[in-house]
Each structure stands twice: as structure tokens, then as C-alpha cells.
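All chains are named by letter (A, B, ...) in the order of the sequence lines, taking the proteins before the strands, and each is independently numbered beginning at 1. When reading the values below, keep in mind they use all heavy atoms of this one structure, side chains included, and skip hydrogens, waters and symmetry mates.
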Protein chains: 2
Amino acid sequence: MERKDSNTVNALLGLLSICPMSGYDIRQVIPFSIGHFWSESYGQIYPALKRMTAEGLISKKTKRDKGKPVRHEYSLTEAGRDRLRAWLESPAQRSPIRNELLLKLFFGGQVGTEASRRHIEAALAAEEKTLQVYEATEQQIRREQANDPQLPYWLMTLNLGRHCSRATIAWCRETLMELDRLAELNRQ
Amino acid sequence: MERKDSNTVNALLGLLSICPMSGYDIRQVIPFSIGHFWSESYGQIYPALKRMTAEGLISKKTKRDKGKPVRHEYSLTEAGRDRLRAWLESPAQRSPIRNELLLKLFFGGQVGTEASRRHIEAALAAEEKTLQVYEATEQQIRREQANDPQLPYWLMTLNLGRHCSRATIAWCRETLMELDRLAELNRQ
DNA sequence: GGGTGCATGTAATGGGTTACATGATTCT
DNA sequence: AGAATCATGTAACCCATTACATGCACCC
């Protein structure tokens, strides 16, 4: 009975399929790659690399360059590549969502409308910033990874971020108006 | 030094602010209330209720109706209501997102375009179903909770769901076309 | 000498799901 | 008699973040 890999393992297999890296490298490239929809911390990465090595999914090369700290560089083995492909072919599961903003808004009637206003204004500002980051990232990878055959896939993932960001921004604006209307009603 | 409540506690405080309920009840109403953006399992609910009772945030009434199993009904105390309000006033934190679909799509270049197509078609179908559920829920609560002063807040949360669902559906359609284009390029 | 960046890792803690265990009642 | 539903709860396990611990190298 084979246990399913954790998605941390799958994410690392994917990242190492692009190029060999150390645990530190992996952490560093996440913000510029899968960071918009996935996160991993050192506390997950290093133990996962150890387990994956033991399982033969990746192999480790220790580099001792003069004047630099020891580096453990991991690369995919054939078994690792197979495992990655098998996971990529299998259906994706929806991860459960937990949205603290909505949780607060749902119970917003327990406090004044101003509290909800503040939350939504903060969310709006954050989302506008996020959207700008998406645009900037897109320009950057279009330039720097122009010839990479994987570029179209990266752009697709960014694009969902953009769609949802824009939808969220529109909702924030609508909702702020709706809150104004509610505040008006309460005043009368 | 006061430790921050877990969001499970906050969610339960919120739900119990609507009306007194048992742990079982709470689990049952989640799909019709905060279920679109929040989930809690029995394994979280019962221990949380115990801790909250010990802390004086809620009070427990045991009911032994003839012909029915024992029921533990919990209601907010004043301390609990204060705690809820304090949490509602404090800024909302963004929860980290983890999207398995995007993770698979990001590495889609490692396998054929058909794999990505399948994932996105499944996501599209699921999202269309979700959108229908939002519409149905909206109609239902507009009818059944027409006079509830909290109704506007509930509709706001549903509305973000609708916005994002529609955005996701549009993205799925775009992305399917883009995948067709890619497949075409690869064939040549 | 001190800060920053490279680099690796572990431990403590908490969040969260699933499966298990139990038992009454009600409906067929 | 047996299935479904009401109802409560625990234990095992996994997932994940944060903080901690260590140490070298490089630059100011």
C-alpha cells in the first residue's frame, strides 16, 4: 500500500525539475515562481529533501567551493521524474479555503459598519498591491524567461491570479458602497 | 501575556452569537452559513467548546428531552460576546493560499497538454457547480432570513464567492483555448 | 568588530483531518 | 432486525510555521 506523497514533496519535485538546487535556493526562488499560490518554509523543505533522498527521488551532490559555505545540491533522479509525472497526470484536489476577512465580515453585524469598512479597505489596498506584483512579475518573466518552453504555463498561473485579483477589487468597491448604504440606514 | 485565540474559537463565537447550539448543530449549519469560506471538523469543534467553556466564553446547558439523546447546548456569555467583538474589530490577516491546480499547471510542461486540459476542465465543471450553489444559497437565505438584520453581511460574503467564481470560470475558458494553441504549436 | 547574506538544519508548538468508538432513537 | 440519523467525543497522524541554533564569508 503506497502512501500518497505530500504536496510539499510534489512541489519540490517540480522545482527541481527546472534545475538542480539546494534547499536554500528552493526557498529563494519560490517568490519568483510558485509563490503566488504556494508556500513552503525551511521547516518543511529540509526534512522533505532528506526523505526524498532516502527514497531515491533525488540525489545529493555536496559542493565545497573555496571561500563558500558547503552546499548540498539536489537533482531529480529518473524515479523522481517519474513520480513527478505521475502526480501531474493525477487529478488535482481542491484545497479547503479559509478566509479570515470573510469570517469577520459574515459576523459584521455584531459591531459597527466601520469595522467592516476598515477590513475591506485594507483588503482592497493589499489586493491592488498584489495585482501590481502580478503585472510586474509577468513583465519580468516575459523578458528573462522569454525562450523557456514552460513560459506559457507560468503565464497561465499568473493569469488566474490577475483574474481573481481584479474580481476581488471590484467586489471590495461594491461592498464599500453597500456598507455606506447600511450605515445610512442605521443612522435613520 | 494573552495568547491569541485560534480562528476556530472565533468562528464558534460568531456562530453561537446567532443562536445557542450544540457541537453537532454547529457542524450542521456550517454548510449553510460560513461553509463557502470556512470549514471546521468535529475534531476541532468539540475540544474548542470544552476550552471555551473552561475560559468562561460560553456556558453549557445539558438537555435531556425524553426520547432524545443528551444534548449539550452552548450559548455566549458576556465575556464571550466581548471577545467576539474584540476579534471583529481587530485587523484581518490574509491566510496563505495553496492551490494544487495551479501547482500542477505550473509544471504542466513536464507532461502533455492533455493533462493540463483535464485538470482545467474538471476545475471549470466544479466552479460552475459552485457558482450555482452560491446562487441557490442566495435565493434561499433571501427568502428564509429576509428579516434578519445580518442578511446584508451574509450576502456580501456570498457575493465575493460569486465574483471569484465568475473570474475563475472565465480564466478556465481562456486557458483551455491557450492550451489548444500550445498543442497546435507542438504538433507542428 | 559588526552587520548582512549564504547555508543547513532541528524543536516546539499549533492547526486540522480522519478514523475510530460509543450509544440512543427512529424509521422501514 | 437493520439502516439512518442524532449526538458526543478521542486518538492518531500529518501538515506547517516559527523560533532557535550554528557557522562561515564578505564588506565596511
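Rounded to an integer number of Å, the gap from CD of B:Glu73 to C1' of D:dT8 is 15 Å. Here the P atom of nucleotide C:dT25 and the CZ atom of B:Arg71 are 16 Å apart, to the nearest Å. Rounded to whole Å, atom C1' of D:dC24 lies 13 Å from atom NE2 of A:His72. Rounded to a whole Å, the NZ atom of B:Lys60 is 13 Å from the C1' atom of D:dA7. Taking atom OH of A:Tyr24 as the reference point, atom P of C:dC6 lies 4 Å away to the nearest angstrom. In this structure, NZ of B:Lys63 is placed 17 Å from P of D:dC6, rounded to the nearest angstrom. Computed from coordinates, the B:Ile26 CD1 to D:dG9 C1' distance equals 14 Å when rounded to whole Å.
For residues 117-160 of chain B, every residue pair satisfying the ring pair (Phe, Tyr, Trp, His ring centres under 6.0 Å) rule, not counting sequence neighbours, is listed here: A:Phe106-B:Trp154, B:His36-B:Tyr134. Under the ring pair (Phe, Tyr, Trp, His ring centres under 6.0 Å) criterion, the residue pairs touching residues 39-61 of chain A are A:Tyr42-A:Tyr46, with sequence neighbours excluded.
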Original post:
What string of B, S and - do you get for nucleotides 10-18 of chain D, 5' to 3', when a contact is any protein heavy atom under 4.0 Å?
Top reply: B---SSBBB
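The side chain to side chain donor-acceptor pair (under 3.5 Å) check on B:Gln93 picks up B:Lys4, with sequence neighbours excluded. Take B:Ala125 and apply the side chain to side chain contact (heavy atoms under 4.5 Å, CB included) test, not counting sequence neighbours, and it matches no residue. Not a single salt bridge (charged side-chain N to carboxylate O under 4.0 Å, His left out) links B:Arg51 to another residue, sequence neighbours left out. The side chain to side chain donor-acceptor pair (under 3.5 Å) check on A:Arg27 picks up nothing, with sequence neighbours excluded. With sequence neighbours left out, B:Ser90 forms a side chain to side chain donor-acceptor pair (under 3.5 Å) with A:Lys104.
Here A:Glu73 pairs with A:Lys63 in a salt bridge; the nearest charged N to carboxylate O distance falls below 4.0 Å.
DNA chain C lies under 4.0 Å from no heavy atom of any residue of residues 27-36 of chain A.
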